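A quick note: this is a predicted structure, and the numbers were derived from the prediction, not measured.
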Amino acid sequence: MTRFVFTKHAEKSFKKLSKIVQERILEKLSEYKHHDDILSVMRGLSHFEPATHRLRIGAYRLILELKKQSEHDFEFWILDMGHRKDVYR
């Protein structure tokens, strides 16, 4: 099972998004919580420390850091989120 934890910065970014986008992100995160191979739907990030992965949800990207990993359990901290044109800046 996968667990997603919002940092304060990510929570602030999340609240700035429209309600429709917020609902879509929460819906996708709840789907990904029970995904068998969560790392297959994520992309690894290099040269973007401390972030380790990104998650694509439509035109929006979630920047994640893998904090804990056991055999089938993962804990990701959501560091930032935003539209794909702005989030990597």
Side-chain angles (χ1 to χ4, degrees):
M1 180 154 186
T2 304
R3 184 171 174 230
F4 296 101
V5 179
F6 282 81
T7 61
K8 289 185 187 265
H9 179 74
E11 194 171 338
K12 190 175 180 182
S13 298
F14 181 75
K15 289 180 180 178
K16 290 180 182 178
L17 300 174
S18 71
K19 292 289 182 191
I20 295 170
V21 174
Q22 288 179 6
E23 289 172 4
R24 184 172 185 192
I25 289 173
L26 291 177
E27 181 180 310
K28 282 294 187 179
L29 287 178
S30 68
E31 285 178 25
Y32 289 143
K33 279 184 178 183
H34 305 289
H35 198 279
D36 291 336
D37 187 16
I38 188 68
L39 297 177
S40 69
V41 296
M42 293 185 177
R43 288 276 173 112
L45 288 176
S46 57
H47 308 294
F48 208 70
E49 310 300 332
T52 57
H53 294 83
R54 75 148 169 94
L55 186 59
R56 180 179 161 259
I57 300 176
Y60 290 84
R61 304 295 184 264
L62 276 63
I63 306 300
L64 307 164
E65 179 182 2
L66 178 61
K67 283 293 190 177
K68 294 181 186 173
Q69 177 181 359
S70 62
E71 191 168 327
H72 293 289
D73 294 330
F74 298 94
E75 180 176 286
F76 288 98
W77 284 17
I78 302 171
L79 303 176
D80 198 9
M81 66 180 60
H83 195 274
R84 64 185 175 95
K85 68 179 181 181
D86 300 323
V87 76
Y88 297 110
R89 293 181 185 182

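- Distance check, rounded to the nearest 0.5 Å: CZ of Phe4 to CG of Leu64 gives 6.5 Å.
- In this structure, Tyr32 and Thr2 have side chains that are not in contact, with every pair of non-hydrogen atoms separated by 4.5 Å or more.
- Residues satisfying the ring pair (Phe, Tyr, Trp, His ring centres under 6.0 Å) criterion with His83, sequence neighbours excluded, are Tyr60.
- Glu71 meets the side chain to side chain contact (heavy atoms under 4.5 Å, CB included) test with no other residue; sequence neighbours excluded.
- In the hydrophobic clustering of this structure, Ile63 does not group with Met81; members are Ile, Leu, Val, Met, Phe, Trp, Tyr whose side-chain heavy atoms approach within less than 4.5 Å, directly or through other members.
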Donor-acceptor pairs under 3.5 Å, side chain of residues 36-56 to any protein atom, not counting sequence neighbours: which ones?
residue	atom	partner	partner atom	Å
Ser40	OG	Asp37	O	2.6
Thr52	OG1	Leu66	N	2.9
Arg54	NE	Tyr88	OH	3.3

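- Sorted pairs that involve residues 77-89 and meet salt bridge (Lys or Arg N to Asp or Glu O under 4.0 Å), not counting sequence neighbours, are lacking altogether.
- Remark: Glu75 pairs with Arg3, Trp77 by the side-chain hydrogen bond (donor to acceptor under 3.5 Å, both in side chains) rule, at least two apart or across chains.
- Taking NZ of Lys16 as the reference point, atom CD of Gln22 lies at 12.5 Å (rounded to 0.5 Å).
- The closest side-chain heavy-atom distance from Leu29 to Phe6 is below 4.5 Å.
- Nearest heavy-atom pair, His34 versus Met1, reported as atom, atom and distance to 0.1 Å: CE1-CE, 3.5 Å.
- One hydrophobic cluster, built from ILVMFWY side chains closer than 4.5 Å, cannot hold both Val87 and Phe14; they sit in different ones.
- Among all heavy-atom pairs drawn from Ile78 and Thr7, the shortest one is O-OG1, 2.9 Å.
- Pairs engaging residues 22-32 under the salt bridge (Lys or Arg N to Asp or Glu O under 4.0 Å) rule: Lys28-Glu31 [sequence neighbours left out].
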Evaluate the side chain to side chain contact (heavy atoms under 4.5 Å, CB included) criterion for residues Val5 and Lys67: first the C-alpha distance (whole Å), next the side-chain angles of each, then the deciding distance (0.1 Å), finally the verdict. CA-CA 10 Å; Val5 179; Lys67 283 293 190 177; over 6 Å; no
